[in-house]
Amino acid sequence: MSAQPNYVAKKSAWSAIRWWHILFFFLIVPLIIMICKIIIVKHKRIEFYDKKIVQKSGVFDVEKKTAVFTAVLAVWVEYPFWGRILGYGNVKVEMVGPWDIDLNGVKKPKKLQRYLEGRIANIRGMHQLLHN
């Protein structure tokens, strides 16, 4: 028969954790979240064609929305504080129909605004010529 010990000393799990483990955890988790957000943002895009606008988003499951370009009513640009400093802005495209386009964090938002406003002016000019 084996004898039972009078007392068993067990090590605490806390003794295995060092201060740098905690620091590493609080640095690595936000880094992983940031990388995931960057991947998601990079897979979101809006493509402008002659007669249509296509919004695509998703990394694994791609969602696609399409609208007719003539449905564009107006374009606005907003610059958040960091956007003014780092050169990006938010572009809102108001459209006729079930959805508007909100592009946050666009490089060179004024260039996109000029492009869209030029397209809107051309389309309206063509409609006036056709109806006169």
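Side-chain atoms of Y115 and Q113 include no donor-acceptor pair closer than 3.5 Å.
Hydrophobic clustering (side-chain heavy atoms under 4.5 Å, transitive across Ile, Leu, Val, Met, Phe, Trp, Tyr) groups F81 together with Y88. Each of I17 and L23 belongs to its own hydrophobic cluster when Ile, Leu, Val, Met, Phe, Trp and Tyr are linked at side-chain heavy-atom distances under 4.5 angstrom. Residues I32 and M34 fall within the same hydrophobic cluster, defined by Ile, Leu, Val, Met, Phe, Trp and Tyr side chains chained together at heavy-atom separations under 4.5 Å. In the hydrophobic cluster analysis, where Ile, Leu, Val, Met, Phe, Trp and Tyr join through side-chain heavy atoms closer than 4.5 angstrom, F24 is grouped together with I22. Placement of I38 and I28 within a single hydrophobic cluster is found when ILVMFWY residues are connected by side-chain heavy-atom separations under 4.5 Å, directly or transitively.
Counting only heavy atoms from C-beta outward, the side chains of V8 and P5 approach each other to under 4.5 Å. Within the 4.5 Å cutoff, the side chain of V93 has no heavy atoms near those of the W76 side chain.
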Exercise. How far apart are the C-alpha atoms of L112 and F48, what are their side-chain angles, what is the distance that settles it, and do they pass the side-chain contact (heavy atoms from CB on, under 4.5 Å) test?
Worked result: CA-CA 10 Å; L112 176 59; F48 299 93; 3.7 Å; yes
message: If you apply the rule side-chain contact (heavy atoms from CB on, under 4.5 Å), what do you find for L73 with I120, and how did you get there?
response: CA-CA 8 Å; L73 297 175; I120 293 168; over 6 Å; no
- [ ] Using the salt bridge (charged side-chain N to carboxylate O under 4.0 Å, His left out) rule, take K56 and E47 through it: C-alpha gap first, then chi angles, then the decisive distance, then the call.
- [x] CA-CA 8 Å; K56 295 178 181 177; E47 300 169 347; 3.5 Å; yes
- Query: Checking side-chain contact (heavy atoms from CB on, under 4.5 Å) for the pair I101/K92: CA distance, chi angles, key distance, verdict?
  - Reply: CA-CA 6 Å; I101 298 172; K92 179 169 174 76; over 6 Å; no
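Of all non-hydrogen atoms in K52 and T66, the two that sit nearest each other are CD-CG2, 4.0 Å. Taking all atoms of both residues into account, the shortest heavy-atom contact from M95 to A67 is CE-CB, 3.3 Å. The two residues Y79 and G89 have their closest heavy-atom pair at CD2-CA, 4.2 Å. Contact record, I46 with Q55: CG1-CG, 3.8 Å, taken as the closest heavy-atom pair. The minimum heavy-atom distance between S57 and K44, with the atom names listed, is CB-CG, 4.0 Å.
The side chain to side chain contact (heavy atoms under 4.5 Å, CB included) with P109 is formed by just one residue from the set V75, V91, L103, N104; it is V91. Screening V29, I33, I35, L27 for a side chain to side chain contact (heavy atoms under 4.5 Å, CB included) with L31, the sole residue that qualifies is I35.
Although no hydrogens or angles enter the test, the distance criterion places no donor-acceptor pair under 3.5 Å between the side chain of H43 and the main chain of I40. Checking side-chain atoms of R119 against main-chain N and O of Y49 turns up a donor-acceptor pair under 3.5 Å. Of the possible polar contacts, one joining the N90 side chain to the G105 backbone as a donor-acceptor pair under 3.5 Å is found.
Taking CG of L86 as the reference point, atom CZ of R84 lies at 11.5 Å (rounded to 0.5 Å).
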